[in-house]
Amino acid sequence: MATALIIGAGGVGRVVAHKCVMNNHVFDRIILASRSIGRCEEIKSELPSGAIEITTVDADNTDEVIALIKQYNPSILINVALPYQDLTIMDACIATKTPYLDTANYEHPDTAKFEYKEQWAKDSAFKEAGIMGLLGSGFDPGATNMFCAYAQKHYFDEIHTIDILDCNAGDHGYAFATNFNPEINLREVSAKGRYWENGKWIETEPMKIMQVWDYPEVGPKDSYLLYHEEMESLVKHIKGLKRIRFFMTFGQSYLTHMKCLENVGMLGIKEVEHKGMKIIPMEFLKTLLPDPASLGPRTKGKTNIGIVAEGLKEGKKRKVYIYQVKDHEECYAEVKSQGVSYTTGVPAVISAKLMVQGIWSGQGVFNMEQLDPDPFMEEMNTQGLPWKIIEMEC
Ligand code: NDP
């Protein structure tokens, strides 16, 4: 039996807490810690009495996280706070020899740029501490890395191209809102696009490349090329890869609002002075926008996230599409969250389960595709994220 310490009580934290409770044959003690107690209390009230314990922590402060870990002595720490806290939490795990898992790579609050460099640099410290650190175990990154590893293991000798396709066809009824933390979401989608081809990164203007993709169970949607973090690790770990791209769907209303906010400076992450006060426009915007956690009861429609891989098997060309479709209302009925938080939180719990059961083991810092995809893919089918695979014409 295992103790899970969850840090972060946002949309994803709620799903992780609910799902850990549903897996209480594995996690017999569950602690949810976050910056403010209000969200933790709300989540606790949704669960059976005594199912979880709650407390506060400022995860920007390594010593506070170390003290928290020493208090509960967890078998695993599941970090679903914000990407800004990844390094401080990883340091606390190294100091206390506690296995670590997150869903998003480190970002510095002052630079809208995400890369694995600083987390990979902790590999030797994780090895010395004799613990495993698993990076990016949400859906994308996370399940998408597993889809690639699964394709590599069972369907190809060499994969030449991968397109990761992320479609959220949910409708929350607001003119503009983000499905996860607005600051993180808007930093990601307003950044320049980037994809990898023949050993080089190619940069594009934001939202410059669009293709229409016909998503099973959803239909055709405009899909825009973005940079996304899992590509950085996949180019290292997928054999024979020549090109990898990432596409995400956006509706016209979202794009028009975003462009307008950007044009007037509301996506800025540098301080500006307003009536003698220093404010960061993006943080102020976050205050104005609907809380992603409040979208749960209003969101209808489906998500469809997957990968299309093309390459060679026994000398012949092959192309496969692996994808997962999830209904927002079904997610809300199960765990009181919309589909984006659900599809992120469930993979985090699956990985935590595989780690504490020793099905996945290792010392150092890992990306998902470095681990055996089979047990993860099996768990997806039973934990609420059933997936499909189809052969396509080359
Ligand atoms: P939210 O903003 O809803 O929640 C973040 C939570 O972290 C809040 O409860 C917040 O506390 C807490 N928090 C923030 N700072 C600190 C701190 N210093 N110490 C302790 N707690 C803190 O975000 P989401 O739940 O939507 O996202 C969680 C993570 O999941 C993010 O890293 C996001 O990037 C990632 N993600 C990954 C995806 C994937 O597929 N891989 C997809 C979607 C999200 P408070 O309540 O006080 O604000």
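Ligands are counted one by one from 1 in listed order, and the atoms in each one are counted from 1 as well. Predicted model, so just to flag it, every value in this text is computed and none were measured.
A centroid separation of 6.0 Å or more is found between the aromatic rings of Y150 and F376.
Protein residues with a heavy atom closer than 4.0 Å to ligand 1 are G8, A9, G10, G11, V12, S34, R35, S36, R39, V57, D58, A59, D60, V80, A81, L82, P83, Q85, T103, A104, G138, F139, D140, P141, F180, N181, I184, T344, listed by chain and number.
Scanning all heavy atoms of the two residues, the minimum distance from G136 to M368 falls at O-CG, 3.5 Å.
Under the 30°/60° scheme for interplanar angles, the aromatic rings of H228 and F246 are found to lie parallel.
Counting only residues at least two apart or in different chains, salt bridge (Lys or Arg N to Asp or Glu O under 4.0 Å) contacts with residues 167-193 comprise E107-R187, K192-E205.
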message = For a side chain to side chain contact (heavy atoms under 4.5 Å, CB included) check, start with the C-alpha distance between E334 and M22, then their side-chain angles and the critical distance, and finish with the verdict.
response = CA-CA 11 Å; E334 188 189 328; M22 290 176 194; 3.6 Å; yes

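In this structure, a donor-acceptor pair under 3.5 Å is absent between the side chains of Y342 and T303.
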